[in-house]
Amino acid sequence: MFILKVGYLGPKGTFSEEAALRYFSNSENETIMYSTIFDVLEAVDEGEVDRGIVPIENAIEGTITMTTDGLINHDVWIEGEAVLPVRLHLLAVEGANLEDIKEIWSIPPALAQCRIFTKKMKAATKHFSSTSGAAEALSTSGRLDAGAVASELAAEIFGLEIAKRDIHDNNCNSTRFLILSKAPNGNIHETDKSMLLITPTEDRPGLLAIILNVFSSLDINLSWIESRPTKKKLGTYRFFIEAALGVHDSNLKKAVTILEAYGHEVRVLGSYKTRKL
């Protein structure tokens, strides 16, 4: 029996692990934890794993630039997209009372997303490198006067109780993940989104407007645009553009041809459909 090796961003109990477990729930798989996003991308690029899953965008915090930069430097293919609702809970050790918690642990973005709750608790905050790292530290400490902001999965893994559910300020929070492989798999004719990396060969006035007009003239809807420095000269950028068309679509092919005719370097990073987890 073929076992699918899936790389994800650790440590255990992160939302990345939860996304991996949900997305690949219908296949025989082995999840393999990596310490950085770059490590996941490298593992896919070098064939250590069959698939990788990395976060690309959070509804509140925005684009995860480590992922965009990693896509530039690794030869991988985006074959899927998964959107995971982010639910943040206050975790506590068994026997702790909510009113006794005076210190709350987590990563800065998670604490920022629970500012109303922590303010109401009048609790001090302590920063950790990950939500699951905070949960693990709390479990090890056994402290009754501290809590950790993390996921339900982290509570299960580290034997903690959920002292208060859904403490986030915004109920619409979610994270978008990319599913990566070394090369295209499956039928790309069934995809309805594509991601391009456009690197202009020269800087000129109205450069981005010229690029966007190519898509507009072909009636191509764009769902995401992100710029990243070329790291060659201050003020020069390359652009990630997500189009609401599969890579097989004739209009998208025309757009690529026109952009290349203008002298821009165009790399198709993947073509995929979105799955809500």
Side-chain angles (χ1 to χ4, degrees), residues 8-23 36-37 53-68 81-139 141 143-178 223-226 240 242 274-277:
Y8 73 94
L9 176 64
K12 289 192 68 62
T14 60
F15 288 105
S16 290
E17 182 182 23
E18 184 176 349
L21 293 173
R22 290 194 189 189
Y23 190 89
T36 70
I37 288 172
I53 182 166
V54 292
I56 182 72
E57 184 182 18
N58 177 264
I60 295 175
E61 300 299 321
T63 299
I64 291 119
T65 55
M66 283 188 65
T67 298
T68 53
E81 176 186 84
V83 178
L84 177 72
V86 174
R87 298 182 61 193
L88 295 171
H89 313 298
L90 181 67
L91 311 186
V93 300
E94 185 178 357
N97 296 314
L98 181 61
E99 58 271 18
D100 294 332
I101 293 176
K102 302 303 179 187
E103 192 171 89
I104 298 177
W105 305 349
S106 199
I107 56 172
L111 292 169
Q113 292 169 29
C114 302
R115 190 174 287 111
I116 294 174
F117 177 81
T118 55
K119 185 177 180 181
K120 188 181 295 184
M121 287 281 292
K122 298 180 180 179
T125 57
K126 183 177 179 180
H127 294 172
F128 283 76
S129 60
S130 68
T131 53
S132 58
E136 183 177 19
L138 179 64
S139 177
S141 74
R143 286 180 53 176
L144 297 174
D145 64 340
V149 176
S151 66
E152 187 168 359
L153 177 63
E156 295 172 2
I157 290 173
F158 299 113
L160 297 170
E161 295 182 340
I162 297 180
K164 184 72 174 179
R165 288 184 175 274
D166 299 325
I167 63 172
H168 38 269
D169 300 342
N170 192 326
N171 290 326
C172 297
N173 194 8
S174 59
T175 297
R176 184 161 72 113
F177 291 85
L178 299 180
S223 52
W224 182 68
I225 303 171
E226 184 69 32
F240 286 85
E242 186 178 65
T274 301
R275 184 193 302 179
K276 295 187 182 299
L277 300 179

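Both backbone and side-chain heavy atoms feed into the values below; hydrogens, waters and symmetry mates do not. Note that the structure is a prediction, hence the values are computed from the model and not measured.
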Derivation and outcome, side chain to side chain contact (heavy atoms under 4.5 Å, CB included), residues Ile64 and Val54: CA-CA 9 Å; Ile64 291 119; Val54 292; over 6 Å; no
Exercise: identify the closest heavy-atom pair between Ala110 and Leu88: O-CD1, 4.0 Å
Gap between atom CG of Leu111 and atom NZ of Lys126 - 0.5 Å precision: 12.5 Å
Worked verdict on Glu103 versus Arg143 for side chain to side chain contact (heavy atoms under 4.5 Å, CB included): CA-CA 10 Å; Glu103 192 171 89; Arg143 286 180 53 176; 3.6 Å; yes
Interatomic distance, Thr125 atom OG1 to Lys119 atom NZ [nearest 0.5 angstrom]: 13.5 Å
Interatomic spacing from CZ in Phe15 to OG in Ser174 - rounded to 0.5 Å: 11.5 Å
Partners meeting side-chain hydrogen bond (donor to acceptor under 3.5 Å, both in side chains) with Glu242 (sequence neighbours left out): Arg176, Lys193, Ser223, Tyr272
Check: Leu91 and Ile162 side chains under 4.5 Å, non-hydrogen atoms: yes
Close side-chain approach of Gln113 to Asn58, heavy-atom, < 4.5 Å: yes
Thr68: side-chain hydrogen bond (donor to acceptor under 3.5 Å, both in side chains) partners, not counting sequence neighbours: none
Atom pair OG1 (Thr175) and CD (Glu57), whose distance is rounded to the nearest 0.5 Å: 9.0 Å
N/O donor-acceptor pair under 3.5 Å between Glu17 side chain and Gly13 backbone: yes
Pairs satisfying ring pair (Phe, Tyr, Trp, His ring centres under 6.0 Å), at least one member in residues 103-127, at least two apart: Trp105-Phe128
Close side-chain approach of Leu160 to Val93, heavy-atom, < 4.5 Å: yes
Side chains of Val86 and His168 in contact at under 4.5 Å (non-hydrogen atoms): no
Any donor-acceptor N/O pair, Asp169 side chain to Ile116 backbone, under 3.5 Å: yes
Rounded distance [0.5 Å steps], CD in Glu99 versus NZ in Lys102: 8.5 Å
Worked check of side chain to side chain contact (heavy atoms under 4.5 Å, CB included) between Ile56 and Trp224: CA-CA 11 Å; Ile56 182 72; Trp224 182 68; 4.0 Å; yes
Side chain proximity check, Thr274 to Val83, heavy atoms < 4.5 angstrom: yes
Taking every non-hydrogen atom, the tightest pair across Ser130 and Pro11: OG-CG, 3.4 Å
Short side-chain to backbone donor-acceptor contact, Thr131 and Ser151, under 3.5 Å: no
Min side-chain heavy-atom separation Met121-Leu98 under 4.5 Å: yes
Full working for side chain to side chain contact (heavy atoms under 4.5 Å, CB included) between Ile104 and Val149: CA-CA 7 Å; Ile104 298 177; Val149 176; 3.5 Å; yes
Atom of Gly147, atom of Ile101 and distance for their closest heavy-atom approach: N-CG2, 3.7 Å
Heavy-atom pair of closest approach, residues Ile167 and His89: CD1-C, 4.0 Å
Thr118 side chain vs Ala123 backbone, donor-acceptor pair below 3.5 Å: no
Donor-acceptor contact below 3.5 Å, side chain Thr67 vs main chain Pro55: yes
Spatial distance of atom CG (Leu144) from atom CG (Leu138) [nearest 0.5 Å]: 9.5 Å
